[in-house]
Enquirer: 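Mind having a look at this structure? Questions to follow.
Predicted model, so just to flag it, every value in this text is computed and none were measured. Numbering of ligands and ligand atoms starts at 1, following listing order.
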Amino acid sequence: MCPDAAAIQALFQQNVIPSYGRFDLVLSHGAGSYVYDVAGKRYLDLGAGIAVSCLGHCHPAVTEALLEQSRRLVHVSNFYYHEPQGRLAQRLVQLLGPGKCFFCNSGGEANEGLFKLARKFGHETGRFEILTAHNSFHGRTLAGISATGQEKVKKGFEPMLPGFRQVPYNDLNALRAALSPATAAVLVEAIQGEGGVTAATPDYLLGLRQLCDEKNLLLLVDGVQDGHFRTGRFQSFQRILEGVPAGDGFCPDGLSMAKSLGGGLPVGAFWVRAPYAELLGPGTHGSTFGGSPLACAVALRILDVIQREKLAENARQLGDSLKSGLQQLSELFPGVIRAARGLGLMLAMELAPNIPHLPGDPDKPQAARFANLLHAAGLLTIPAGGQILRLLPPLNLRPPEAQEGLDILQTVCQRLGKTP
Ligand SMILES: Cc1ncc(COP(=O)(O)O)c(C=O)c1O
């Protein structure tokens, strides 16, 4: 083992495909809401691996589940049955409603499953097209970038796969106008994550359901980033529709999950509502690693902890107070933070244009430069595009940790902007 940051970075430069723009940080270990770099510096991790480490780093319950299950059975082929996959599917069905689950390893792969579901659904009537939203993000596979509503992910990989078209988000009329005889499904995020934390309106969600029923289209929701209790309910569409007339009755036909589902272990899944749950019959879809005993045992334990420790409630309450803290900062430092938004523990700070005295290469996006400043001050956040930083902390974040994050932000804002 080589503890030297420069040496580790050199290993990457020589041997790892440079597809990521990485920050200048070499991390070594973590505990709870904190990670440590190889020099021993501590960071408050409000990014949680992009909404993945929902119980923080190295939670003892996750370690225990990994150890216990790894002594019993790590992997078997999906030719066979085993208890953890059956039990995890049952838990997800209980959370979502009558239907069935398929297990895979990532969000991109979960969305691939939904694309295949839509193709199978429309096949007999010659329909294959899936409409998605501008600014959406659905993964880095070839179908994922074809579905994604951001040009930057498609660039250099054209031609895109046929059968995907993007329409403005939160605009039902635009969607209705875009329907063609080939349209089979609509796929949306209830809160766009990579797109900068933009939530669907309740009317949009309810209107989508109605339109899909009317036109016999599948309504598919990508819950990879905003799901798993991050906003205070299992799925963010449930939070968005709380208290809205007829909101309780809203249910998509398919839902993709990943990220927090495995808490750091690569676990993905998609759920399909009962009427369509048999569409992908034997031999139509598969994954060697998907739904392994190890992955499912960990995902089950994470659900137990979330339930036992009432972490959905924590995400809601602490998220609300963190958001009001961010809003106060944006009022105090309008030249640095233009606005704060989000739901639960899925929050975003939109940076003001041309922040004075922001260090770093002016050709680099402000979000990355601001994130660098926060790193120096001991805080990890996640950029979304050039102007937005996301906070996607563990669901078990504690109030003093949230306050510590706000204090660090305030110090950095003070340095940049005018001291109030
Ligand atoms: C909404 C959404 N869908 C899909 C994906 C892709 O997931 P993965 O990177 O696990 O393939 C992401 C990843 O950020 C996402 O945010």
Enquirer: Who gets closest to atom 5 (C) of ligand 1 by heavy atom: V221, L392, V224?
Expert: V224
Enquirer: Quick one: does E109 get an N or O within less than 3.5 Å of an N or O on ligand 1?
Expert: no
Enquirer: Would you mind reporting whether Y169 and Y204 have side-chain heavy atoms less than 4.5 Å apart?
Expert: yes
Enquirer: Below the 3.5 angstrom mark, is there an N/O of H138, backbone or side chain, next to an N/O of ligand 1?
Expert: no
Enquirer: Ignoring hydrogens and geometry beyond distance, is a side-chain donor-acceptor pair present between T141 and E112 at under 3.5 Å?
Expert: yes
Enquirer: Pull out every atom of ligand 1 sitting under 4.0 Å from any heavy atom of E194, numbered as shown with elements.
Expert: 14 (O)
Enquirer: If I apply the N/O under 3.5 Å rule, does A258 come out as touching ligand 1?
Expert: no
Enquirer: Heavy-atom pairs closer than 4.0 Å: do any link ligand 1 to the side chain of E189, the backbone, both, or neither?
Expert: side chain
Enquirer: State whether the number of non-hydrogen atoms from other residues, nucleotides or ligands found under 6.0 Å of Q210 atom CD is greater than 12.
Expert: no
Enquirer: Salt-bridge test for R209 and D213: reply yes if a basic N is under 4.0 Å from a carboxylate O, no otherwise.
Expert: yes
Enquirer: Check this for me, if you would: do D226 and R233 make a salt bridge, where the nitrogen-to-carboxylate-oxygen distance has to be below 4.0 angstrom?
Expert: no
Enquirer: May I ask whether N111 has any heavy atom positioned less than 4.0 angstrom from an atom of ligand 1?
Expert: yes
Enquirer: Which protein heavy atom lies closest to atom 16 (O) of ligand 1, and at what distance to 0.1 Å?
Expert: Q225 NE2, 2.8 Å
Enquirer: Just to verify, which of D222, T198, N135 counts as forming a side-chain contact (heavy atoms from CB on, under 4.5 Å) with E189?
Expert: D222
Enquirer: Could you find the nearest protein heavy atom to atom 15 (C) of ligand 1 and give me its residue, atom name and distance?
Expert: F137 CD2, 3.7 Å
Enquirer: Quick test: of every protein heavy atom, which one is nearest to atom 3 (N) of ligand 1, and how far off is it to 0.1 Å?
Expert: D222 OD2, 2.7 Å
Enquirer: Is it true that the side chains of N78 and Q85 contain a donor and an acceptor less than 3.5 Å apart?
Expert: yes
Enquirer: Starting from atom 10 (O) of ligand 1, find the nearest protein heavy-atom neighbour and note its residue, name and distance.
Expert: G107 N, 2.8 Å
Enquirer: Checking a contact table here: which protein heavy atom is nearest atom 11 (O) of ligand 1, and how many Å away?
Expert: G108 N, 2.7 Å
Enquirer: Salt bridge or not for E214 and R176, using N-O below 4.0 Å?
Expert: yes
Enquirer: Q317 and E313: side-chain donor and acceptor closer than 3.5 Å?
Expert: yes
Enquirer: Just which atoms of ligand 1 are under 4.0 Å from any heavy atom in S106?
Expert: 10 (O), 11 (O)
